[in-house]
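Read through the structure below, which is laid out as structure tokens, and then see the notes.
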Amino acid sequence: MHLIDYSHSFLSVVPPFLALALAVITRRVLLSLGIGILVGVAFLVGGSPIDGLTHLKDMVVGLAWVDGDWSLGKPKILIFLLLLGIFTSLLTFSGSNQAFANWAKQHIKGRRGAKMLTACLVFVTFIDDYFHSLAVGAIARPVTDKFKVSRAKLAYILDSTAAPMCVLMPVSSWGASIIATLAGLLVTYHITGYTPMGTFVAMSLMNYYALFALLMVFIVAWFSFDIGSMARFERVALQEVHDETAVSDDPKGRVYALIIPVLVLIVSTVSAMIYTGAQASETFTILGAFENTDVNTSLVFGGTCGVLTVILCTLGTIKASDYPKAIIQGISSMFGAITILILAWLISTVVSEMHTGDYLSTLVADNIHPGFLPVILFLLASVMAFATGTSWGTFGIMLPIAAAMAVKVDASLVIPCMSAVMAGAVCGDHCSPISDTTILSSTGAHCNHIDHVTSQLPYALTVAGAAAAGYLVLGMTQSAWLGFFATGVVMTALIFILKDKKGKAA
């Protein structure tokens with residue numbers, strides 16, 4: 001079947017932006033994604049209903065079958081979601097969540113402590129963004145619920161610590177992938193004087209969006225800086241108590257029955273990542289292991305170990321007849337997230353086949369002042385990640401483009417330009433309703449997905465505005481520290497402006 005090429009047409013952006021607009025306007029994510037997919041398929045096949053149904057079937061099958069062979073990466077993510085649903089449900093049935101919340105109430109003094117605990121857990125679970133959003137959500141949710149922190153605030157903390165930390169850390173699934181990409185780019189464009197690791201570290205120091213997004217989380221957590229719809233969600237949370245389905249007040253629930261399974265989940269996942277990476281590497285190094293690791297297989301292994309450990313730790317606290325109920329409830333609790341994730345993958349396939357990224361990349365003209373290049377690439381990468389819902393896809397498209405443009409215009413801008421792409425990819429991912437990390441953060445917090453998107457958006461845009469100023473200064477001065485300083489000054493000013501507006505509105 002011949003698909004129409006939209007790489008040079010404005011129509012390439014219509015399906016993703018239609019889905020995004022409908023999701024925000026109607027708040028019906030599944031319907032909006034479905035319409036975006038159907039419109040994209042209709043464009044690709046020229047409007048033929050028969051060809052459209054055939055291609056849609058091929059897209060669905062293509063999630064697990066590629067080039068005549070099984071590709072189980074995406075199914076494994078779905079399996080991990082189901083395992084984590086079972087994991088969380090068993091903890092709830094056993095009363096372990098409640099026991100941990102009671103312990104936290106004694107040791108964590110107030111809402112600020114609950115939010116800071118959630119934010120600080122990223123320093124333990126930065127290995128992978130999926131893992132962080134779901135695992136920390138399961139750990140922190142009973143605590144934040146106990147102190148009446150809104151689910152939207154929890155989802156924001158999960159989402160705005162996951163990708164920023166992963167993209168900054170070399171020992172993570174993100175860092176390893178980026179370092180491998182950089183190694184190829186350094187060779188392709190004959191960039192000397194840098195190793196792949198050195199380049200990654202230098203880029204991380206210039207990743208103003210990721211650095212200040214993390215800082216913003218701690219500002220929000222410590223000072224209760226609530227703007228936009230987040231202020232409303234927090235007011236409602238203070239007045240209401242979340243109903244946690246099947247929460248047990250059983251005094252047999254024990255804190256260790258939560259802590260031990262979570263530790264097993266983390267340790268077994270990381271160990272599997274190192275093992276699978278080592279198996280694929282000629283010589284063993286930690287960085288090489290993470291660069292070649294099979295993240296999805298590792299997540300399934302870790303999830304399985306976590307579930308088995310929960311079962312062992314809850315023997316005697318859960319009735320034998322309740323185990324099937326807990327497992328079924330855990331599986332059913334993930335159906336909504338799984339459906340959204342599958343549709344997000346399908347619309348990403350549509351975006352790829354319509355060459356939306358190629359079209360967006362052509363929007364940057366060749367005859368621009370070199371100093372504007374980092375900020376332009378930051379904004380373009382943000383738009384691309386927002387439209388496609390994927391940071392990794394944006395990295396794959398934009399990093400080679402940024403390197404090629406910088407080498408052509410001014411070789412000294414190579415690292416600033418690639419840093420701007422990394423920052424923009426995370427920024428757009430944070431703002432996009434079809435981002436898998438955003439979806440999984442909503443899932444981990446048990447928060448309405450659109451509530452999460454709309455409440456996180458003002459914070460993401462605030463940091464993005466400050467980062468854009470930083471990249472403008474970086475491009476003009478080629479000083480990473482001046483760019484960092486400019487980002488900090490602008491973000492501080494924006495925070496005080498927004499705080500003042502909130503005070504006047506109150």
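Not measured: the values here are computed from a predicted model.
Side-chain contact check for V136 versus V122: every heavy-atom pair is 4.5 Å or farther apart. Inter-residue side-chain proximity for H452 and S441 is flagged as met; some heavy-atom pair is nearer than 4.5 Å. The closest side-chain heavy-atom distance from E234 to V149 is below 4.5 Å. A 4.5 Å side-chain heavy-atom check between F80 and K76 finds every atom pair outside the cut-off. Counting heavy atoms from C-beta on, the side chains of L346 and L63 come closer than 4.5 Å. Side-chain contact check for K499 versus F223: every heavy-atom pair is 4.5 Å or farther apart. In this structure, L82 and I338 have side chains that are in contact, with non-hydrogen atoms separated by less than 4.5 Å. Within the 4.5 Å cutoff, no side-chain heavy atoms of Y209 are placed close to those of T487.
For the pair R141 (side chain) and A445 (backbone), a donor-acceptor distance under 3.5 Å is absent. Without hydrogens or angle criteria, S268 side chain to V264 main chain gives a donor-acceptor distance under 3.5 Å. Judged by distance alone, with hydrogens and angles left aside, the side-chain atoms of S455 form no donor-acceptor pair with the main-chain N or O of S229 at under 3.5 Å. Judged by distance alone, with hydrogens and angles left aside, the side-chain atoms of S442 form a donor-acceptor pair with the main-chain N or O of T438 at under 3.5 Å.
How far CG of N207 is from CG of L214: 9.5 Å, rounded to the nearest 0.5 Å. Within the model, atoms OG of S204 and CE of M169 stand 9.0 Å from one another, a figure rounded to the nearest 0.5 Å. Atom CG in L377 sits 13.5 Å away from atom CE in M422 (nearest 0.5 Å). Within the model, atoms CG of D451 and CD of Q456 stand 12.5 Å from one another, a figure rounded to the nearest 0.5 Å. Note that the OG1 atom of T297 and the CD1 atom of I79 stand 9.5 Å from one another [nearest 0.5 Å]. For the atom pair OG1 of T314 and CG of D322, the computed distance is 10.5 Å after rounding to the nearest 0.5 Å.
With hydrogens and angles left out, the side-chain atoms of T161 and H132 include a donor and acceptor closer than 3.5 Å. No side-chain donor from either of S432 and S435 sits under 3.5 Å from a side-chain acceptor of the other. Side-chain atoms of K115 and S224 form a donor-acceptor pair, as typed in the model, at a separation below 3.5 Å.
More than 12 heavy atoms of other residues, nucleotides or ligands shown are found within 6.0 angstrom of OH on Y323.
Across all non-hydrogen atoms, the minimal contact from T269 to L265 is OG1-O, 2.6 Å. Here the shortest heavy-atom pairing between T492 and G488 reads OG1-O, 2.7 Å. Heavy atoms only, all atoms of each residue included: A114 and T144 are closest at O-CG2, 4.2 Å. Closest non-hydrogen pair, L154 versus A140, comes out as CD1-CB, 4.2 Å. The two residues A221 and M116 have their closest heavy-atom pair at CB-SD, 3.7 Å. Residues A486 and V473 approach most closely at CB-CG2, 3.6 Å, considering heavy atoms.
Between Y208 and F484, the two ring planes are perpendicular [angle over 60°; tilted spans 30° to 60°]. Aromatic ring pairs are classed by plane angle as parallel below 30°, tilted from 30° to 60° and perpendicular above 60°; the pair F225 and Y459 is perpendicular.
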**Asked** Does the pair L315 and L312 meet the rule for a side-chain contact (heavy atoms from CB on, under 4.5 Å), with working shown?
**Response** CA-CA 6 Å; L315 290 175; L312 289 174; 4.3 Å; yes
**Request:** I would like to know whether Q279 and D294 meet side-chain contact (heavy atoms from CB on, under 4.5 Å); could you show each step before the answer?
**Result:** CA-CA 10 Å; Q279 294 295 104; D294 184 341; over 6 Å; no
**Message:** Please determine whether salt bridge (Lys or Arg N to Asp or Glu O under 4.0 Å) holds for the pair D226 and R235, giving the CA-CA distance in whole Å, both sets of side-chain angles, and the decisive distance to 0.1 Å.
**Reply:** CA-CA 10 Å; D226 301 326; R235 284 196 300 270; over 6 Å; no
**Request:** Please step through side-chain contact (heavy atoms from CB on, under 4.5 Å) for the pair H430 and V463, ending with a clear verdict.
**Result:** CA-CA 11 Å; H430 274 171; V463 180; over 6 Å; no
**Request:** Kindly indicate, with the supporting measurements, whether the criterion side-chain contact (heavy atoms from CB on, under 4.5 Å) is fulfilled by F87 and V262.
**Result:** CA-CA 9 Å; F87 181 90; V262 168; 4.1 Å; yes
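Among V220, T118, L457, the one residue that satisfies the side chain to side chain contact (heavy atoms under 4.5 Å, CB included) test with Y156 is V220.
Of the charged side-chain nitrogens involved, at least one lies within less than 4.0 Å of a carboxylate oxygen, so that R151 and D145 count as a salt-bridged pair.
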